[in-house]
Amino acid sequence: MNYKNMFVEALFIQLQGTLEKTVLENMIEKPKYENMGDWAFPCFELAKVYRESPQTIADKLKQNLELPALFEKAETVGGYLNVFLHKSDVSTYIINKILSEKSNYGSSNTGHNKVITIDFSSPNIAKPFSMGHLRSTVIGNALANIAEKSGYTTVKINHLGDWGTQFGKLIVAYKKWGDEKKVKEKPIKELLKLYIQFHEEAEQYEDLNNEGREWFKKLEEGNEEALSLWQWFREESLKEFAKVYDLLGVKFDSYNGEAFYNDKMDHVIQLLEEKNLLQVSEGARIVEVSNDMPPCLIKKKDGTTLYATRDLAAAIYRQDTYQFAKALYVVGHEQSLHFKQLFSVLEKMGCTWHKGLAHVPFGMILKDGKKMSTRKGKVVLLEEVLQDAIKLAEKNISEKNPTLAGKDEVARQIGTGAVIFHDLKNYRLNDIEFSLEDMLRFEGETGPYVQYTHARASSILRKGNFQQTDEVMQLDDDQAWTIITTLVEFPNVLKRALNDYDPSQIAKYTLDLAKSFNKYYGSVRILEEHEQKQARLALVYSVQTVLQEALRLLGIQAPDEM
RNA sequence: GUCCCAGUAGCUCAGCUGGAUAGAGCAACAGACUUCUAAUCUGUAGGUCGGGCGUUCGAAUCGCUCCUGGGACGCCA
């Protein structure tokens, strides 16, 4: 059922084809204030056509308008024609819909089971899992959930940064200053220390960089010493990352990182040569993409490969393996140029599927207004932040609900929920100034606020002993109207979140729903004996179900008690 | 220098493809727990929507330009 379309139909008949239905649909808007009705039609543009004042046109439309039964009335004010929905009919309809569809409410099959690969998280081996990777991880994970709910088959790929010149540098640093024992004790911390030391020393001794490049060359050529060190670094790192993914509840379908494509790059270079795209410039192999972009580097003058080479191989491999309709890259905005070049090279190679490729960029996490740099050791470790958040949640529980069962698990859900929500609630392209204080906030527009609201709803359902029956619930409660209209919006929000690759739409939606519910909660005694009690419980059930589902899409769990 | 983001209340941000009185949260102040979880709710206060020009019946929203901040710009990823 689509109320907006009903209004469009009614208007279309009145206007006798003056405006197309699609035009009408675009013109109709939501009034700014609730007392102005549910849909509004502005008559200003028609004023020119009919040579009458907008208000007169609105009045005339109102006189003859034949609205379907679900509409209660129409009003005109200031050149607008406003229509009001029949509150109890719509309330009854939507509540029973959610009652029967449960967590499937909002699901669709717009994806037709087509495959969408999502490249996200992708931390760098031998480096700590920083706050920067958090963004990619939670955005990518949420997009995957949303895509699945919309009928896509997803392939979640953790494109690990496990290859590249950095490993040459790390090997040099380890051989010069490393201590096996120390690295075994605290791998990430020790390796990071070596990496930082390398860059500090390299500022004075330019030769170090050359040594690093040489060792990477050896690594690419299969040098045994280099390979075994690399493998060791990789294993230790993966163990460390697994802890973070467990805490966050994120899973992947593939951990094929950059190294996986080592034996697939010759093929790419061959293809480029066949198409005559490869050029030599200053000793390096490049592909010219277009005038407004610098060329894409494929091979360095020493013959080793680059990031772009591996990404080309990866894209081709993924198309061959998964036949994706869409391939998303959830990677920081600072790499926008790289992806523009990459997609452009694939287009030049004649890959018709390049249209399905999309870079989903996001803003940076800044420290004192500047980019956090691993090289200079300016990183904040995600695991520490998560642990802090969980500890704070534990503290809150022991103050507010000390008898709660399963405290540890609930604390984990709330702590990580706060961190994830904090990241997802704002538009992804915004830069975020790192603030532990903000991330550990549990009041106001936060994850725990939404979780708390959900727990409240669950609690009421428990105490009210709510049981689902086949009976149709008749809800006639004007105070619930904001909740009802918000519930109606859920499927549209999902659509927008997927189209714009923007999980923040859903995060903001959970806040709207939670706020409207808490307001209702404050003014209506739901468990009080009342002829509407069962219908009200059904309303609570609807809110609880949609909140839980929306949070799930964001990658956040919703405890029943907290 | 060229290109890409962004600039809305003291702070953090909403504001969908232009529309009716500019919206939250935090912080501040004042209220509401013997009553469904106060991680909540209700009020008060707070804004030349970076500046200018333009398009339009109508601009925070679109176009141009300038200013400010961030990022990217061949052998890092």
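Throughout, a chain's letter reflects where its sequence line sits, starting with A, and its residues are numbered from 1. Here the structure is a predicted model, which is why all the values come from computation and not from measurement.
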Picking from A39(B), C36(B), A77(B), which would you name as closest to the side chain of Pro448(A)?
A39(B)

Using both distances under 3.5 Å as the test, list the Watson-Crick or G-U wobble partner of A30(B), or none.
U42(B)

Side chain of Lys301(A) only, please: which of C75(B), C41(B), G74(B) is the nearest?
C75(B)

Given the structure, check if the side chain of Asn518(A) and the base of A38(B) hold any donor-acceptor pair shorter than 3.5 Å.
no

Could you say whether the aromatic ring of Tyr33(A) and the base of U21(B) stack, counting only centre distances under 5.5 Å and plane angles under 30°?
yes

How are the rings of Phe343(A) and Tyr329(A) set relative to one another: parallel (under 30°), tilted (30 to 60°) or perpendicular (over 60°)?
tilted

Considering only NZ, NE, NH1 and NH2 on the basic side and carboxylate oxygens on the acidic side, decide whether Arg441(A) and Glu437(A) come within less than 4.0 Å.
yes

Candidates C41(B), A20(B), C75(B) - which lies nearest the side chain of Asn82(A)
A20(B)

Can you say whether the rings of Trp230(A) and Trp163(A) are parallel (under 30°), tilted (30 to 60°) or perpendicular (over 60°)?
perpendicular

Starting the side chain at C-beta, find the nucleotide from C76(B), C4(B), C36(B) nearest to Lys463(A).
C36(B)

Any Arg310(A) side-chain N or O less than 4.0 Å from OP1/OP2 of A77(B)
yes

Integer angstrom distance from the P of C16(B) to that of G63(B):
14 Å

Among A24(B), A20(B), A14(B), which nucleotide has an atom closest to any side-chain atom of Asn430(A)?
A14(B)

Ring of Phe517(A), cation from Arg456(A) - is the NZ or CZ under 6.0 Å from the centre and inside 45° of the axis?
no

Just checking Lys340(A): base, sugar-phosphate only, or nothing, at a heavy-atom cut-off of under 4.0 Å?
nothing

May I ask you to decide if the ring planes of Phe129(A) and Phe241(A) are parallel, tilted or perpendicular, using 30° and 60° as cut-offs?
perpendicular

Syn or anti for G74(B), with syn set at within 90° of 0?
syn

For C73(B), decide between syn and anti, treating a glycosidic angle within 90° of 0 as syn.
anti

Output yes when at least one side-chain N/O atom of Asn26(A) is less than 4.0 Å from OP1 or OP2 of C16(B), else no.
no

P atoms of A14(B) and G7(B), separation to the nearest Å:
8 Å

